[in-house]
Undergrad: 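Before anything else, here's the structure in question.
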There are 2 protein chains.
Amino acid sequence: MPVTQKQIAQKLNVSVMTVSKALKGHPDISAKMRERVEKTAAEMNYTVNVQARNLAQKRTQTIGVVFPDISEPFYAEILRGIESVCRKQYYNILLADSDNDPRLEEKALQTLTEKRVDGLIIAPTEKDQEYIAWLSRLTIPYILINCYSARLACDSIYVDRGYGAFLSVTHLLKKGCQEVYFFYTFPHMEQSQASIQGCIKAFEELKKPRSHLHLIECPQRDLELFYLMTKEQLHFTGRKIGLFIWDDEMAIGCCRAIHELHLSIPDQVAIIGFDDIKITPYLHPALTTIHYPKVEMGQSSAQRLIHRLTHPDDESVQKTALSLQLVEREST
Amino acid sequence: MPVTQKQIAQKLNVSVMTVSKALKGHPDISAKMRERVEKTAAEMNYTVNVQARNLAQKRTQTIGVVFPDISEPFYAEILRGIESVCRKQYYNILLADSDNDPRLEEKALQTLTEKRVDGLIIAPTEKDQEYIAWLSRLTIPYILINCYSARLACDSIYVDRGYGAFLSVTHLLKKGCQEVYFFYTFPHMEQSQASIQGCIKAFEELKKPRSHLHLIECPQRDLELFYLMTKEQLHFTGRKIGLFIWDDEMAIGCCRAIHELHLSIPDQVAIIGFDDIKITPYLHPALTTIHYPKVEMGQSSAQRLIHRLTHPDDESVQKTALSLQLVEREST
DNA sequence: CTGGTTAAAGTTAACGTTAAAGTAAAGAGG
DNA sequence: CCTCTTTACTTTAACGTTAACTTTAACCAG
């Protein structure tokens, strides 16, 4: 069993309060006494019991982060952004993985609430009515990231995926692609629908026939699935093909399929991803992609949340869109 | 402020204890009363304060996990293994990232200790004398993974990287490579030294001249660095080159360099990675690698730790080596 | 030497929950 | 009808820490 302040106090024949005050450098305590306490605490291998402290102080100095899948390099980079801000402001992070499952996400939110985190940063998996109702039941400040919903009146930080799609498809068309395929997933998310609209808008602005835009819905975000769907759906007829893929990781699977179909990148097939994860410049061919400001998104969300925590009276709702940029590499 | 049992009790005009017992289905409480309490709790949006409960129960039902870098797909897969076991046994996970920095690792251990996790699973960054001393000060059960040290008398689960290196280099030599390069990092780790010995052993067994084995030490585990080092160190003289790279992710950087040097894989350069992360089959060319039992490592460590927690009297020390396997793909 | 200030402790109660022991009323057995 | 058990709840105390208040003794100006 871990050592407590009480045990230190008994050993030194002082009160528990003296120990508590000494350990946090309270001016009530004389230098001599403080040193004695510190020395004994070190000898006895004392560490505070954060849970007891939190209970007494009625705050945890911790924020909860809920991601669909931490193992995606994409979320890992957002997390770095959050972490760097939290570290400076002495906040701890409690991370929960929803595994892309709305039910697990609710459970994660439940768990974090029970641990009494001071606030939440959530990258939601889904946003149906029920989920929104659940969110509104939260009594602590929270911020949604990587998600946009007009229906939700809460702080959120997102990118305009529709605009990203527009950029991508415009780029593909300008590169001479005559058939454009958009491989997407999460069909129920507003962002997916916005992406589709972005693709269509690009076709309209460049006055290309809509029939050359192929929208391919992948039921799951899975490497093998994107690989198989590409192999199945792609038909090369001599007309240059443009591929816009939901994200960079899935694009790796699609590239594989293109190679196995013996099509050349970027001559016969141009391909563009989304996110700009770290390995994209090293892939063969290096992947053209839409740069997603991941670290910035993490930092902004943490800053905003901490602001909310330290200014509970500020009730304004802030929706921030971060900007996207096309990064041209070898695959287009 | 969150609702407490006290507030529920007041509303129902019963004692706090009745509420507490009712909420956990204690047989002392009548069905009627339990339903009333449950209903009111739901209405008032009550959630337990886990910290208070942990304090009272003197255990957290939580294990701490310390990884050098969660964003590596490698650790993400180990984590999945840990998670699946913990979920079944009703343990929570508290994750900490040491960012490959021994000082941050100590801090992470400190934080987890303060949060009073019941036990720890640690993938250590470094293992100098000071670190070992620090570990021995821990008063809770812990398990080291992905690390082997003869000097440490504690539970550990690891793979024999030396044997992996032996497998790899033997494979490269049998594929006709005449010059073999081993790109490695973390030179102070016992595993790195073991790998070097494994390479040498392969050369000896196949009676190849040691001078054709090139050991390249990369000061950091970084994609750009491995890419640059490959470009700088590789000299193709017509003799087939074999590359054995510290891990799959770094191998992606090396592949990039090989392409830029206009060398063909696997004809002029064969390359083999380590870990078998998810994307390797989809890379172009698909990467030959050593399969690392990541999920199994996670599961075993969690099982072992939970065993230690539930059988505090069992003082045996268990060192488990998991087996490695070569997965041949297109790059060799 | 008095009254007031200050330094350096100590006391009390609280945070939200639970374990353990206690109690009152109802039901059972002889 | 009296004891004995059982049911259903209540009381008390504890977990480890801290906030807020109180005490004690020393110090110092007038």
Side-chain angles (χ1 to χ4, degrees), chain A residues 1-38 40-41 44-62 92 111-118 139-140, chain B residues 1-38 40-41 44-62 92 111-118 139-140:
Chain A
M1 281 293 110
V3 175
T4 66
Q5 293 183 356
K6 198 176 182 179
Q7 295 174 38
I8 299 177
Q10 282 168 352
K11 187 162 239 170
L12 293 176
N13 250 317
V14 295
S15 75
V16 177
M17 214 44 238
T18 304
V19 175
S20 176
K21 283 179 178 171
L23 288 174
K24 50 176 43 182
H26 194 286
D28 266 8
I29 304 300
S30 66
K32 198 185 288 174
M33 176 62 88
R34 201 185 58 238
E35 278 162 32
R36 281 180 66 203
V37 171
E38 280 169 354
T40 313
M44 296 178 78
N45 226 336
Y46 170 82
T47 53
V48 260
N49 184 325
V50 175
Q51 314 210 63
R53 171 195 284 169
N54 287 342
L55 198 60
Q57 291 188 153
K58 304 186 106 186
R59 53 142 201 199
T60 59
Q61 198 69 7
T62 298
N92 289 102
T111 305
L112 293 175
T113 305
E114 289 175 354
K115 293 192 176 172
R116 296 292 187 266
V117 295
D118 296 330
T139 51
I140 53 174
Chain B
M1 280 293 109
V3 175
T4 67
Q5 293 183 356
K6 199 177 182 179
Q7 295 172 39
I8 299 177
Q10 282 169 351
K11 186 163 243 175
L12 292 176
N13 251 317
V14 295
S15 75
V16 177
M17 214 44 235
T18 303
V19 175
S20 175
K21 283 181 176 172
L23 288 174
K24 51 176 41 186
H26 195 285
D28 265 6
I29 304 300
S30 66
K32 197 185 290 176
M33 176 63 87
R34 201 186 58 238
E35 276 161 32
R36 282 180 66 202
V37 170
E38 280 169 354
T40 313
M44 297 178 78
N45 226 334
Y46 170 81
T47 52
V48 259
N49 184 326
V50 175
Q51 315 211 64
R53 170 194 287 169
N54 287 342
L55 196 59
Q57 292 189 153
K58 303 185 109 186
R59 55 146 201 193
T60 59
Q61 198 69 2
T62 298
N92 288 103
T111 305
L112 293 175
T113 305
E114 290 175 353
K115 292 193 177 172
R116 296 291 186 266
V117 295
D118 295 330
T139 51
I140 53 174

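Below, all heavy atoms of this structure are taken into account, side chains as well, without hydrogens, waters or symmetry copies. Naming: A, B, ... by sequence-line order, numbering from 1 per chain.
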Undergrad: Would you say B:Thr18 places a side-chain N or O within less than 4.0 Å of OP1 or OP2 belonging to D:dA8?
TA: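 So the side chain of B:Thr18 is outside the cut-off, no N or O lying under 4.0 Å from OP1 or OP2 of D:dA8.
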
Undergrad: Nearest 0.5 Å, please: how far is CG in A:Asp28 from OG in A:Ser20?
TA: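 Interatomic distance, A:Ser20 OG to A:Asp28 CG, rounded to 0.5 Å: 11.0 Å.
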
Undergrad: Describe the nucleic acid contact of B:Ser15 in one word from base, sugar-phosphate, nothing, applying a heavy-atom distance below 4.0 Å.
TA: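 Here B:Ser15 touches the bases of the nucleic acid.
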
Undergrad: Please state how far atom CD in B:Gln61 lies from atom P in C:dT18, giving the value in whole angstrom units.
TA: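 Rounded to whole Å, this separation is 14 Å.
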
Undergrad: What's the verdict on side-chain contact (heavy atoms from CB on, under 4.5 Å) for A:Asn92 and A:Thr60, showing C-alpha distance, side-chain angles and the deciding distance?
TA: CA-CA 8 Å; A:Asn92 289 102; A:Thr60 59; over 6 Å; no

Undergrad: Indicate the atoms forming the closest heavy-atom contact of A:Leu23 with A:Tyr46, along with that distance.
TA: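 Taking A:Leu23 first and A:Tyr46 second, the nearest heavy atoms are CD1-CE2, 3.6 Å.
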
Undergrad: Compute the angle between the rotation axes at the two ends of the helix from C:dC1-D:dG30 to C:dG30-D:dC1, each taken over five pairs, rounded to 10 degrees.
TA: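 One end's axis against the other's: 50°.
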
Undergrad: Any idea which heavy atoms bring B:Met44 and B:Val3 closest together, and the distance?
TA: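 Closest pair (atom of B:Met44, atom of B:Val3, distance): O-CG2, 3.1 Å.
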
Undergrad: For A:Arg116, does its backbone N or O pair with a side-chain atom of A:Arg59 as donor and acceptor, under 3.5 Å?
TA: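 Side chain of A:Arg59 to backbone of A:Arg116, a donor-acceptor pair under 3.5 Å: no, none is there.
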
Undergrad: Just the rounded figure in Å: distance from C1' of D:dT18 to CD1 of A:Ile29.
TA: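 Distance check: A:Ile29 CD1 to D:dT18 C1' gives 13 Å.
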
Undergrad: Under the side-chain contact (heavy atoms from CB on, under 4.5 Å) rule, what do B:Thr62 and B:Lys115 come out as? Steps first, then yes or no, please.
TA: CA-CA 9 Å; B:Thr62 298; B:Lys115 292 193 177 172; over 6 Å; no

Undergrad: Sequence neighbours excluded and cut-off under 3.5 Å, please list the side-chain donor-acceptor pairs for residues 7-19 of chain B, or say none.
TA:
{"residue": "B:Ser15", "atom": "OG", "partner": "B:Met17", "partner atom": "N", "Å": "3.4"}
{"residue": "B:Ser15", "atom": "OG", "partner": "B:Thr18", "partner atom": "N", "Å": "3.3"}
{"residue": "B:Ser15", "atom": "OG", "partner": "B:Thr18", "partner atom": "OG1", "Å": "3.0"}

Undergrad: Give the rounded distance in Å between these two atoms: NE2 of B:His26 and C1' of D:dT7.
TA: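 Taking NE2 of B:His26 and C1' of D:dT7, I get 12 Å after rounding.
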
Undergrad: Check nucleotides 20-26 of chain D against the protein and report each pair of N or O atoms closer than 3.5 Å, with its distance, or say if there are none.
TA:
none

Undergrad: Identify all pairs in which a protein N or O lies below 3.5 Å from an N or O of nucleotides 15-17 of chain D, and state each distance.
TA:
{"residue": "D:dC15", "atom": "O2", "partner": "B:Ala56", "partner atom": "N", "Å": "3.3"}
{"residue": "D:dG16", "atom": "N2", "partner": "A:Ala52", "partner atom": "O", "Å": "3.3"}
{"residue": "D:dT17", "atom": "OP1", "partner": "A:Tyr46", "partner atom": "OH", "Å": "2.6"}
{"residue": "D:dT17", "atom": "OP1", "partner": "A:Asn49", "partner atom": "N", "Å": "3.1"}
{"residue": "D:dT17", "atom": "OP2", "partner": "A:Gln5", "partner atom": "N", "Å": "2.8"}

Undergrad: Which pair of non-hydrogen atoms, one from B:Thr113 and one from A:Thr47, has the smallest distance, and what is that distance?
TA: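 Shortest heavy-atom contact: CG2-OG1, 3.8 Å.
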
Undergrad: Atom CD of A:Glu35 to atom C1' of C:dA9: distance rounded to whole Å?
TA: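 For the pair A:Glu35 CD and C:dA9 C1', the rounded distance is 17 Å.
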
Undergrad: Between P on D:dA8 and CZ on B:Arg36, what's the gap in Å once rounded to a whole number?
TA: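 From B:Arg36 CZ to D:dA8 P: 14 Å.
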
Undergrad: Could you tell me how far apart B:Glu114 (CD) and D:dT18 (P) are, to the nearest whole angstrom?
TA: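 Spelled out: CD on B:Glu114 to P on D:dT18 is 11 Å.
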
Undergrad: What residues, two or more places apart in sequence or in another chain, satisfy salt bridge (Lys or Arg N to Asp or Glu O under 4.0 Å) together with B:Glu114?
TA: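 Result, salt bridge (Lys or Arg N to Asp or Glu O under 4.0 Å) vs B:Glu114: none returned.
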
Undergrad: Once salt bridge (Lys or Arg N to Asp or Glu O under 4.0 Å) is applied, do any residues pair with B:Arg34, and if so which ones, sequence neighbours excluded?
TA: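 Applying salt bridge (Lys or Arg N to Asp or Glu O under 4.0 Å) to B:Arg34 gives B:Glu38.
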
Undergrad: For side-chain contact (heavy atoms from CB on, under 4.5 Å), just list the numbers for B:Arg53 and B:Asn49, CA-CA rounded to whole Å, side-chain angles, deciding distance to a tenth of an Å, and then say yes or no.
TA: CA-CA 6 Å; B:Arg53 170 194 287 169; B:Asn49 184 326; over 6 Å; no

